[in-house]
Amino acid sequence: MCCAFLILCDIIVTMKKTAFVLSLCLLCFALTAAAVFYPADKVVADEIKIYPDDTSQYAAYGNAIAYTTNKNELVLSTENGSYTLSNAYAGKSRSIAMNGDYVFLISVVQGESAETVSFTAYPYSLDPVSVAQGTPALRLFDNVTSEEIAGNKFLVNEDTSGNFTMGGYDLVHISGDIIYCMSRSDELYPDGERTDDCLFWGDLSTKQWNKTYVTMKNFATSTDFVIVDDTVYFNTDGKLYSSDMNPRNPVNLQQSGLKINSLAYANGIIYALSDDGIYAINTAGYAYKKLTGDTFDGKIRILQGDGVTYLLAQDVANKSIKQYVCEGTFDNATLTYYNVFDGVIYKNPESYDLLKVGKVSAGTDAYYSPKNLKIEFSLDAGDYVLALAKQDGFYYVRNDEGKTAYIRENELSLLDASESTAIGKYAQALHDGTDVYKYPYVSDDVVSTVNIDVMLIVVDNVAQDGDNHVWGWYKVCIVGDDGTLTYGYMQAEYVSKYTNFKLPSFSTDATVSAGSLGGIINVYLLPDEESEILGTLTDGDKITLAQEKLDGDSEWTKIVYKDMVGYVKTANLISKGITPLQITLIVVFAVVIVATAIVIFLVVKKRNAQKFDY
């Protein structure tokens with residue numbers, strides 16, 4: 001393909017009856033493209049990102065997209081990055097096409113009396129090694145030149161047996177090694193025929209332009225065309241026509257009431273964009289089949305990569321291109337939404353606020369993002385994944401291999417965790433230096449590292465499916481000496497039931513002070529009133545502290561409760577002696593006794609006085 005440019009390099013001005021001043025001009029400055037990589041984003045590492053505007057023309061080939069901008073830039077976007085060639089052309093872009101080696105662009109500069117139309121080739125490379133070694137990924141052909149003459153007539157002299165004239169270029173299309181251009185001209189062919197509306201083509205592999213001249217009525221106002229087995233299909237004024245390479249009168253294939261705005265072709269099907277959606281057209285019988293009601297105001301094109309055929313549809317108003325997967329033959333043809341190119345980087349959730357294990361109800365696929373349905377991995381019915389967050393109708397999940405992707409909400413059933421675990425409420429690490437993670441999977445997010453003598457409060461087992469603990473992790477809590485709580489996750493295989501418990505050597509006692517007669521206080525699993533209640537104590541109960549002493553400045557006190565460790569409010573404890581309530585009761589009881597004694601004394605005294613009166 002390296003010699004394909006020769007069809008464009010020696011453009012010589014020739015007119016049979018009128019002499020014109022030759023003017024050889026370089027179409028564009030010999031620029032070396034500066035490779036512009038968009039910033040790396042942890043969210044989208046391998047997604048093709050494009051930033052079209054309302055003037056953009058675009059083409060696709062393999063896994064690359066080329067498009068123009070209103071800043072006269074030509075941009076090549078791939079999964080490895082985007083490359084921009086500044087000042088790539090003058091005026092406005094009119095049509096663009098590409099193959100595996102070149103991007104071909106028709107651009108036009110509007111003069112006072114006529115247009116100046118240019119046809120330029122841009123070689124490109126997708127080889128990351130070459131790019132890394134300094135070879136521009138997108139560049140102008142070293143010797144691409146164009147000779148412009150009155151009326152924008154161009155003469156191509158690649159065939160030694162004769163020359164022929166092409167008019168102003170309007171549309172360009174590539175099929176294999178053949179490049180097709182639509183030309184509009186009032187000039188005469190060498191045989192005396194008026195060119196009017198013609199299609200000409202060149203063979204990029206042999207460097208030869210085909211010398212057959214094709215004139216087709218109704219082609220002058222065509223806005224798109226495709227080539228299928230030596231037949232050209234084009235649309236004019238919303239109507240679809242077909243013609244082989246010789247007839248002067250194309251066949252009208254229009255379906256009544258349908259306006260065709262753009263065409264694409266792949267795998268035996270012509271795809272037609274109309275005002276009310278996208279249709280498939282059978283080239284054998286010219287039957288129409290509506291594939292989607294999505295509407296677009298741009299053009300449709302075909303992109304092929306990894307054995308998959310995609311249809312791209314341009315939404316000029318929203319500056320985006322929607323991507324569909326094309327499947328099936330005409331009878332069972334489908335278009336399935338796959339992605340949208342809009343320059344917006346889809347960001348994964350920044351925080352994981354769900355952290356629930358989900359069970360796949362039926363076989364399904366996990367996708368790159370809700371807007372890019374590239375399959376990251378597949379799941380069978382009954383598989384488990386960890387749902388990290390919910391976003392845009394999808395769960396953002398992580399599988400047991402550490403891969404993350406998106407699954408539709410209705411395809412995943414979330415499981416509850418169980419507070420009743422096989423190791424009880426207290427656990428310990430099996431080895432010193434065991435990591436406690438922020439999330440229930442191994443990562444760099446470590447919240448603490450514990451030794452075997454640290455008592456861990458087991459919060460739950462992350463996920464329970466029937467009688468089965470299905471995720472293999474425990475959510476635990478570590479209580480600091482100052483009462484701070486650190487929550488995290490530990491792998492089940494690295495923890496066991498807590499066996500190091502024993503009464504502190506100091507064995508300090510305290511007394512419960514409930515504050516009311518018959519009052520009770522709660523014993524909590526953690527120093528948190530929202531945590532599980534282990535049991536209750538009543539006023540005056542004697543308890544043993546699981547800490548050195550009772551600290552009146554601390555809100556919580558750790559105590560021994562039924563061979564477990566629990567927490568009570570410090571305000572409900574006194575270090576020794578009787579409780580204030582008990583003191584109050586004693587005082588009241590004493591007062592009652594004294595009062596009773598006085599009453600008895602007075603009654604007896606009165607009776608004795610009455611006796612002496614007799």
Side-chain angles (χ1 to χ4, degrees), residues 37-53 56 58-67 75-83 126 128 264 266 271 278 291-292 294 296 298 300-327 334-350 352 358 360 363-379 385-399 401-412:
F37 288 87
Y38 290 98
D41 191 288
K42 68 175 184 179
V43 175
V44 181
D46 62 351
E47 179 177 338
I48 298 177
K49 297 176 282 293
I50 69 171
Y51 302 79
D53 54 56
S56 295
Y58 81 99
Y61 184 86
N63 60 352
I65 297 176
Y67 65 97
V75 183
L76 180 68
S77 290
T78 74
E79 293 180 347
N80 296 318
S82 295
Y83 312 86
L126 297 180
Y271 295 92
I278 299 176
L291 301 179
T292 176
D294 296 346
F296 301 91
I300 57 175
R301 292 293 181 261
I302 294 297
L303 174 67
Q304 293 183 321
D306 300 326
V308 181
T309 298
Y310 302 99
L311 183 139
L312 306 180
Q314 184 180 19
D315 186 342
V316 177
N318 292 313
K319 301 177 182 179
S320 66
I321 297 174
K322 188 172 284 189
Q323 182 179 17
Y324 298 86
V325 175
C326 305
E327 293 181 300
T334 60
L335 280 183
T336 305
Y337 170 79
Y338 180 79
N339 189 20
V340 60
F341 304 114
D342 55 9
V344 177
I345 298 176
Y346 191 88
K347 293 188 175 181
N348 293 339
E350 295 181 354
Y352 302 155
V360 178
T364 187
D365 294 319
Y367 303 109
Y368 189 81
S369 76
K371 64 177 274 189
N372 183 346
L373 301 186
K374 172 186 175 184
I375 298 174
E376 292 295 292
F377 53 84
S378 297
L379 295 163
V385 291
L386 178 66
L388 305 174
K390 185 165 66 172
Q391 188 164 283
D392 297 330
F394 285 73
Y395 286 119
Y396 183 54
V397 304
R398 178 187 177 99
N399 68 3
E401 295 180 352
K403 296 180 180 179
T404 54
Y406 288 84
I407 296 178
R408 291 186 175 89
E409 286 185 38
N410 60 357
E411 296 178 339
L412 198 65

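As a basis for the values below, the full set of heavy atoms in this structure was taken, side chains included, without hydrogen atoms, waters or symmetry mates. Note that this is a predicted model, so its numbers are computed, not measured.
Side-chain atoms of Q391 come within 3.5 Å of backbone atoms of K347 as a donor-acceptor pair (strictly under, hydrogens ignored).
Distance check: L312 CG to I65 CD1 gives 5.5 Å after rounding to the nearest 0.5 Å. One distance of note links CG of L311 with OG1 of T336; it measures 11.5 Å at 0.5 Å rounding. Rounding to the nearest 0.5 Å gives a distance of 11.5 Å between CG of L335 and NZ of K322. Atoms CG and CD, on D365 and E411 in that order, are 8.0 Å from each other to the nearest 0.5 Å. Between the OG1 atom of T404 and the CG atom of L388 there is a distance of 7.5 Å, given to the nearest 0.5 Å. Here CZ of F341 is found 9.0 Å from NZ of K371. Values are rounded to the nearest 0.5 Å.
With sequence neighbours left out, the ring-ring contact (aromatic ring centres under 6.0 Å, His included) criterion links F394 to no other residue. For Y352, the ring-ring contact (aromatic ring centres under 6.0 Å, His included) test picks out Y439, with sequence neighbours left out. With sequence neighbours excluded, the residues that form a side-chain hydrogen bond (donor to acceptor under 3.5 Å, both in side chains) with Y367 are R408. Scored by the side-chain hydrogen bond (donor to acceptor under 3.5 Å, both in side chains) test, T334 finds no partners at all (sequence neighbours excluded). Y61 pairs by the ring-ring contact (aromatic ring centres under 6.0 Å, His included) definition with nothing, not counting sequence neighbours. Under the rule for a side-chain hydrogen bond (donor to acceptor under 3.5 Å, both in side chains), the partners of Y324 that lie at least two apart in sequence or sit in another chain are D294.
L412 approaches A387 most closely through the heavy-atom pair CD2-CB, 4.4 Å. Contact between E327 and V325 at its shortest, heavy atoms only, is CG-CG1, 3.6 Å. The two atoms that bring Y58 and A313 nearest to each other are OH-N, 3.8 Å, heavy atoms only. Residue V316 comes nearest to G298 through the heavy atom pair CG2-CA, 3.8 Å, listed as atom of the first residue, atom of the second, then distance. Looking at every heavy atom in both residues, L303 comes nearest to A60 through CD1-CB, 3.6 Å.
Ring geometry for Y346 versus Y406: interplanar angle over 60°, hence perpendicular rather than tilted (30 to 60°).
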Handout entry: side chain to side chain contact (heavy atoms under 4.5 Å, CB included) evaluation trace for Y337 with T292
Key = CA-CA 10 Å; Y337 170 79; T292 176; over 6 Å; no
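Residues N339 and Y310 fail the side-chain proximity criterion, which asks for heavy atoms closer than 4.5 Å. Residues F296 and Q314 have side chains not in contact (no heavy-atom distance under 4.5 Å, counting atoms from C-beta outward). Within the 4.5 Å cutoff, the side chain of Y67 has no heavy atoms near those of the I321 side chain.
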